[in-house]
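Values in this document were obtained by computation on a predicted structure and should not be read as measured data.
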Amino acid sequence: MRWRLLWLLCAAARWWGAGGKTLRGGFGSAAARLDPWRPVARFQFHGDHAVLCVRIKDVAAAVTKAARLHLFQAQEWQKLQNGIEDQSCTEKFSKAQLTMTVNHTEQNLTVSQIPYPETWYVFYVDKFTCEENYSESEDIQFEMVLLNPDAEGNPLDHFSAGESGLHEFFFLLVLAYFVTACIYAQSLWQTLKKHGPMHAVLRVLTVALLLQAGSALANYLHFSSYSKDGIGVPFMGSLSELCDIVSQIQMLYLLLSLCMGWTIGRMKRSHGRPLQWDSTPTSTGIAVVVVVTQACILWFLCHPCLATIAVIFREYQREKIITMGVILCQCISMVILYRLFLSHSLYWEVSSLSSVTLPLTVSSGHKTRHHF
């Protein structure tokens with residue numbers, strides 16, 4: 001469980017920390033001189049009319065410092081960093097694919113003729129970056145907007161190539177959750193109210209499902225706002241990750257309990273545990289065979305499997321394949337578990353009804369004797 005939580009937290013930090021494509025801050029000479037190889041932005045451009053737009057407040061300071069932005073393609077930058085030749089700071093930055101001199105209040109730089117989507121790094125450089133002499137100066141406040149062309153070719157799309165399609169995906173996912181809730185919510189509620197042997201596990205499973213639906217809704221709201229301003233709603237992003245983590249914990253506890261032979265009893269819960277021990281071979285066999293082979297494989301092994309498969313695709317496609325694939329596999333796992341436990345709940349209802357209505361019921365521990 002620890003490694004999974006660690007992965008989720010790391011994914012959250014990568015996802016939301018580098019997700020904003022409208023950046024605000026200050027170009028600092030001291031920071032650029034201290035760590036010149038740290039990019040101020042990273043973006044996956046695509047198409048022929050991608051745009052980098054920069055707005056600054058203090059034009060005079062930018063002109064005095066000879067402020068510039070250097071853009072490197074990821075592959076070219078890696079080659080430059082791993083090169084055998086010992087090149088100076090100035091020589092490395094001179095090999096940038098694109099350079100923009102920052103000397104106006106607002107400037108646009110068009111990134112065109114991109115054969116396929118690729119990551120670009122944006123570096124801030126001024127006359128102090130590669131020099132030993134340095135004098136204190138104020139930072140240049142800026143706003144940077146990175147845009148890709150939309151379906152009509154206009155540079156209005158805030159999504160990078162690695163994020164394109166996620167907004168539509170989460171919309172369809174939320175719509176699917178809504179339609180499913182309209183169809184099955186009432187019958188599920190009626191099953192829960194009967195407090196049958198599957199009551200506790202269905203309740204745990206339903207809570208996990210609601211958390212996943214909440215995570216999908218929060219993601220959709222974030223991306224809806226993100227599509228307009230390139231920033232989104234960071235709170236919704238954090239809420240989505242929180243819901244997903246709690247849902248993972250719920251499912252992890254449920255599946256591990258079932259795999260260890262736990263099933264639902266009709267007795268009261270003891271020590272606050274939602275699942276009661278049933279040591280019968282049949283229940284243990286059902287739990288192990290069905291849950292492990294179907295739900296556990298989908299739920300826990302989908303991420304490493306998809307990560308392995310995604311290696312054969314380009315970089316901008318990998319994150320989308322893993323994200324969409326994991327969510328779909330978890331939804332299928334939910335369906336399998338609901339079918340399993342609802343069918344057992346229905347079997348219990350029919351058995352209980354037959355034991356009450358049938359006149360020739362044989363009581364446990366007694367045999368009916370026929371007298372002639």
Side-chain angles (χ1 to χ4, degrees), residues 9-10 12-45 50-111 118-147 158 160 162 226 229-232 234-235 237-238:
L9 292 174
C10 292
R14 285 200 314 269
W15 187 269
W16 304 115
K21 295 306 176 288
T22 297
L23 309 174
R24 297 186 179 97
F27 291 134
S29 299
R33 186 170 178 270
L34 182 64
D35 189 6
W37 316 123
R38 181 179 181 181
V40 296
R42 182 175 67 92
F43 193 71
Q44 292 176 332
F45 290 109
V51 169
L52 184 151
C53 177
V54 178
R55 304 182 184 95
I56 61 173
K57 294 183 178 179
D58 194 347
V59 178
V63 173
T64 302
K65 294 182 179 183
R68 305 180 304 277
L69 293 178
H70 292 247
L71 277 72
F72 288 87
Q73 291 180 346
Q75 292 183 353
E76 297 299 325
W77 176 249
Q78 291 298 328
K79 291 179 181 178
L80 195 62
Q81 289 292 86
N82 300 329
I84 301 177
E85 299 180 0
D86 187 12
Q87 298 177 332
S88 66
C89 169
T90 304
E91 290 175 339
K92 286 186 177 181
F93 280 118
S94 66
K95 296 184 178 181
Q97 279 71 49
L98 294 172
T99 303
M100 180 175 68
T101 302
V102 182
N103 54 12
H104 291 84
T105 304
E106 181 174 346
Q107 293 176 260
N108 292 335
L109 176 65
T110 301
V111 184
E118 188 177 3
T119 301
W120 288 68
Y121 295 107
V122 182
F123 296 87
Y124 168 77
V125 181
D126 58 30
K127 66 180 183 180
F128 301 110
T129 302
C130 298
E131 300 294 332
E132 295 182 359
N133 299 325
Y134 169 70
S135 59
E136 294 290 338
S137 60
E138 295 183 358
D139 294 350
I140 303 172
Q141 300 301 313
F142 74 93
E143 180 184 70
M144 183 185 300
V145 182
L146 300 104
L147 298 167
H158 289 278
S160 68
Y226 183 93
D229 57 14
I231 299 175
F235 170 75
S238 302

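- Between I140 and Y124 there is a side-chain heavy-atom pair separated by less than 4.5 Å.
- Between F72 and K92, the shortest heavy-atom distance links the atoms CZ-O, 3.4 Å.
- Using bins of under 30°, 30° to 60° and over 60° for the plane-to-plane angle, the ring pair F123/F93 lands in the perpendicular bin.
- Residues F45 and A50 approach most closely at CD2-CB, 3.3 Å, considering heavy atoms.
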| request: Please step through side chain to side chain contact (heavy atoms under 4.5 Å, CB included) for the pair L52 and F43, ending with a clear verdict. | output: CA-CA 10 Å; L52 184 151; F43 193 71; over 6 Å; no

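- Side chain of R24 to backbone of T22: no donor-acceptor contact under 3.5 angstrom is found.
- The aromatic rings of F142 and F27 lie parallel to each other, their planes meeting at an angle below 30°, with 60° marking the opposite boundary.
- For the atom pair Q78 CD and T119 OG1, the distance stands at 10.5 Å (nearest 0.5 Å).
- Nearest heavy atom pair, residue L80 against residue Q87, reads CD1-OE1, 3.2 Å.
- For the atom pair OG1 (T99) and CG (L69), the distance works out to 9.0 Å, reported to the nearest 0.5 Å.
- Residues that satisfy the side-chain contact (heavy atoms from CB on, under 4.5 Å) test with R38, not counting sequence neighbours, are D35.
- Counting heavy atoms from C-beta outward, V122 and R42 have side chains that stay 4.5 Å or more apart.
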| query | Can you check side chain to side chain contact (heavy atoms under 4.5 Å, CB included) on V54 and H104, steps first, answer last? | reply | CA-CA 9 Å; V54 178; H104 291 84; over 6 Å; no

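- Although no hydrogens or angles enter the test, the distance criterion places no donor-acceptor pair under 3.5 Å between the side chain of E76 and the main chain of Q73.
- Among residues two or more places apart in sequence or in another chain, the side-chain contact (heavy atoms from CB on, under 4.5 Å) test is passed with L34 by none.
- Between the side chain of Q107 and the backbone N or O of I56, no donor-acceptor pair lies under 3.5 Å.
- For E138, there are no salt bridge (Lys or Arg N to Asp or Glu O under 4.0 Å) partners at least two apart in sequence or on another chain.
- Here the straight-line distance linking atom NE2 of H158 with atom CD1 of I231 works out to 9.0 Å at 0.5 Å rounding.
- In this structure T110 satisfies the side-chain contact (heavy atoms from CB on, under 4.5 Å) test together with V51, S112, sequence neighbours excluded.
- With sequence neighbours left out, the salt bridge (Lys or Arg N to Asp or Glu O under 4.0 Å) criterion links E131 to no other residue.
- Side-chain contact between V111 and L98 is present, with heavy atoms from C-beta onward closer than 4.5 Å.
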| task | Given side chain to side chain contact (heavy atoms under 4.5 Å, CB included), test V145 with R55 step by step and report yes or no. | result | CA-CA 9 Å; V145 182; R55 304 182 184 95; 3.8 Å; yes

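- Closest of all the heavy-atom pairs between A41 and L23 is CB-CD1, 3.5 Å.
- One distance of note links NE2 of H70 with CE of M100; it measures 10.5 Å at 0.5 Å rounding.
- Here C53 pairs with nothing under the disulfide bond (SG atoms under 2.5 Å apart) rule; sequence neighbours left out.
- In this structure a side-chain-to-backbone donor-acceptor pair under 3.5 Å is present from K127 to T64.
- Looking at S29 and D126, their side chains do bring a donor and an acceptor atom within 3.5 Å of each other.
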| message | Using side chain to side chain contact (heavy atoms under 4.5 Å, CB included), reason through Q97 and L71 one step at a time and then give a plain yes or no. | response | CA-CA 6 Å; Q97 279 71 49; L71 277 72; 5.8 Å; no

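- Contact detail for V102 and A62: the closest heavy-atom pair is O-CB, 3.4 Å.
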